[in-house]
Number of protein chains: 2
Amino acid sequence: MTTHDNDAFKPIATVDLAIFSLSPAGLSVLLVRRANAPFAGEWALPGGWIHIDKDLDLEAAARRVLKEKTGVETPYLEQLQTTGSAGRDPRGWSISIVYIALLSADDVEKRRDAMAEDAEWRPVEGDGVGFPIAFDHAALLKEALGRIRNKVEYSSLPGHLLPARFTLSELQSVYENLLGRKLDKSAFRKRMAEADFLEPIEGELRRASNRPAQVFRLKDIKSLALFDRRI
Amino acid sequence: MTTHDNDAFKPIATVDLAIFSLSPAGLSVLLVRRANAPFAGEWALPGGWIHIDKDLDLEAAARRVLKEKTGVETPYLEQLQTTGSAGRDPRGWSISIVYIALLSADDVEKRRDAMAEDAEWRPVEGDGVGFPIAFDHAALLKEALGRIRNKVEYSSLPGHLLPARFTLSELQSVYENLLGRKLDKSAFRKRMAEADFLEPIEGELRRASNRPAQVFRLKDIKSLALFDRRI
DNA sequence: TGACTTAGTGGCAAATGTCAACTAACTTAG
DNA sequence: CTAAGTTAGTTGACATTTGCCACTAAGTCA
């Protein structure tokens, strides 16, 4: 292996984000309208070059892009995968480090004013958004959706799509929405208790329902609790 | 985001591999002695620059490095994570796309002559190798070991450390070695049947044991079967 | 105050997992 | 050739877990 610093070994490198939020209608993903070639005018996953003068590391780069596009800072950011090849970008050999970010609908709504003008939430339809998007971003989006739908079955991931405080019924609704099926209330509550990733906020009840419901929060807002057995 | 092609946005990019094999004594990892600065003379995970003139994509780059260092081609290569920051390489902002490769002891032995001279198998001790290694490779190795030890509990990963043909007892031994505990034979066999990732090779028995044992192969040599419930 | 809605819990039947003991297919020694 | 021994493979009793229906509880509303 030859070891010398020149452009023969330096690909284009970006971070790209699959940013999701959840409404009663289902998952939405954030897309941006590209201003410049290649793919000018087309929708894409938000992303950008790594600013080696500003970004201390990859996660910092991803967080910067997330903030720029949504105005939101999320505790939950997961690296999906890195894709890189000669053919994926007309400008040259390029690498994309792809992250998944999960935002609660609340946070999104609160920061709607701070959203980038070129960005828009689009409902997820099946494995994509129902229309073509730039680069290989359709494949990346499909991969991200696969990751989310898989992890819902064995982890606390849905909790990261809720506001910081939520009820068990709200959590169950998110699981059901992402799983695409109804869950038994008793079994669900038993599972959540067993998985031990929630803590009741003492003295805080949600009075919107007929019977006041206990409010919970995630014990760990940055990482997922993994279950021993799939739902 | 400014979009222009210059070195302000081009980090150093390499692929690095955590290559494992298993002996009765436990896991071993391949290390290489670095010839050049930085960290000249120190041990590191094998890796190298992406050759944008030769490598069609990242996986091709990883496979090239694997072949160069071990002489072996493995069906099983998994992307671990991508790490990148300003501080991890003295030469500048750098990214490493890290892969895990699993080789059977058989394949390693058969191709020992083709192994790179600067490469050496080292036994895994705890979360590392028991001595310092270059760059942030100790952290990467720890991460890779964590990934493997986690996935043993809910997937067919151990099958990828065996030769293409193996018996259930051999497979069980690998699980026990990586899990660090004994498994009940009957329960183990029931689990493997349930997970449905093995197929018996008709008419092929291993006669090394007292009672001839059925020989199996993995149904899918490139990807893992995931279990519904952890072992 | 009673009907209704939602939250939260209990308990039993069904399903699943554990593992000891069994049978089977050899090899080895006498 | 046969019995003993070793390993592979299977069975089934019992323990544990899970699913889910029905119950109680805490309100709101008319």
Side-chain angles (χ1 to χ4, degrees), chain A residues 24 152-156 158-159 162-163 165-177 179-218 225-231, chain B residues 24 152-156 158-159 162-163 165-177 179-218 225-231:
Chain A
V152 167
E153 295 189 13
Y154 66 87
S155 82
S156 59
L162 284 165
R165 294 161 144 70
F166 52 86
T167 67
L168 280 178
S169 296
E170 288 162 356
L171 183 63
Q172 181 173 340
S173 293
V174 180
Y175 272 95
E176 289 175 335
N177 194 311
L179 289 167
R181 58 185 162 87
K182 276 295 203 179
L183 300 173
D184 177 81
K185 180 178 55 173
S186 175
F188 178 80
R189 284 164 182 258
K190 192 183 286 183
R191 252 181 187 296
M192 297 300 113
E194 155 102 357
D196 196 30
F197 66 95
L198 302 170
E199 62 187 359
I201 305 177
E202 291 307 315
E204 188 163 337
L205 298 175
R206 178 73 50 79
R207 291 186 189 278
S209 54
N210 282 275
R211 174 172 164 167
Q214 178 62 54
V215 175
F216 290 81
R217 70 179 152 224
L218 297 172
L226 303 179
F227 304 162
D228 287 338
R229 181 172 163 280
R230 283 177 179 273
I231 290 181
Chain B
V152 167
E153 295 190 13
Y154 66 88
S155 82
S156 58
L162 284 166
R165 293 161 144 71
F166 51 85
T167 68
L168 280 177
S169 297
E170 288 163 356
L171 182 63
Q172 181 173 341
S173 292
V174 180
Y175 272 94
E176 289 176 336
N177 194 311
L179 289 167
R181 58 183 158 88
K182 277 295 203 179
L183 299 173
D184 176 82
K185 180 178 55 172
S186 174
F188 178 80
R189 284 163 182 259
K190 190 184 282 185
R191 257 182 185 293
M192 297 302 112
E194 155 105 352
D196 196 31
F197 66 93
L198 301 171
E199 64 187 359
I201 304 175
E202 291 308 316
E204 187 164 335
L205 298 175
R206 177 74 50 78
R207 292 189 188 277
S209 56
N210 282 274
R211 174 170 164 167
Q214 179 61 54
V215 175
F216 290 81
R217 70 179 152 223
L218 296 172
L226 303 180
F227 305 162
D228 287 337
R229 182 172 163 281
R230 283 176 179 274
I231 291 182

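Note: hydrogens, waters and symmetry copies are ignored here, and every other heavy atom, side chains too, is used. A note on names: the letters A, B, ... follow the listed sequences, proteins ahead of strands, and every chain is numbered from 1.
Of the candidate nucleotides D/dG19, D/dT7, C/dT6, D/dT7 has the atom nearest to the side chain of B/N210. The listed nucleotides are C/dC26, D/dG9, C/dT6; the one nearest the side chain of B/A213 is D/dG9. Checking C/dT27, D/dC20, C/dA7 against every side-chain atom of A/S209, the shortest atom distance belongs to C/dA7. In the set C/dG11, D/dA8, D/dA26, C/dG11 carries the atom at the smallest distance from any side-chain atom of A/K190. The side chain of B/D184 lies closest to C/dA20 when the candidates are D/dC20, C/dT9, C/dA20.
If you check distances only, the side chain of A/S186 never reaches the base of C/dG8 with a donor-acceptor pair under 3.5 Å. In this model, a side-chain donor or acceptor of A/R211 finds a partner on the base of C/dA7 within 3.5 Å.
The separation between A/L171 atom CG and C/dG8 atom C1' is 15 Å, rounded to whole Å. When rounded to the nearest whole Å, the span between CZ of B/R207 and P of D/dG9 equals 12 Å. One atom, CZ of A/F216, and another, P of C/dA7, lie 12 Å apart when rounded to the nearest Å. Across the protein-nucleic acid pair, A/R191 atom CZ and C/dT9 atom C1' stand 18 Å apart, rounded to whole Å. The interatomic distance linking A/Q214 (CD) with C/dT6 (C1') rounds to 15 Å, in whole Å. In this structure, A/R206 atom CZ and D/dG27 atom P are separated by 15 Å, rounded to whole Å. Separating the NZ atom of B/K185 from the C1' atom of C/dA24 is a distance of 11 Å, rounded to the nearest angstrom. Following rounding to the nearest Å, B/L205 (CG) and D/dT7 (C1') show an atom-to-atom distance of 13 Å.
Separating the CD1 atom in B/I231 from the CE atom in B/M192 is a distance of 4.5 Å, to the nearest 0.5 Å. In this structure, CZ in B/F197 is found 5.5 Å from CG in B/L171, a value given to the nearest 0.5 Å.
Residue A/E194 qualifies as open at atom CD: its count of foreign heavy atoms under 6.0 Å is 12 or below.
Using a 4.0 Å heavy-atom criterion, one finds that A/T167 contacts no nucleic acid atom at all.
Take the nearest nucleotide of DNA chain C for B/E194 and for A/P212: the residue whose nucleotide is more 5' is A/P212.
The aromatic rings of A/F188 and A/Y175 stand perpendicular to each other, their planes meeting at an angle above 60°, with 30° marking the opposite boundary.
For A/R189 and C/dG10, the shortest distance from a side-chain N or O to OP1 or OP2 is not below 4.0 Å.
Side-chain atoms of A/Q214 and A/L168, non-hydrogen and from C-beta on, never get closer than 4.5 Å to each other.
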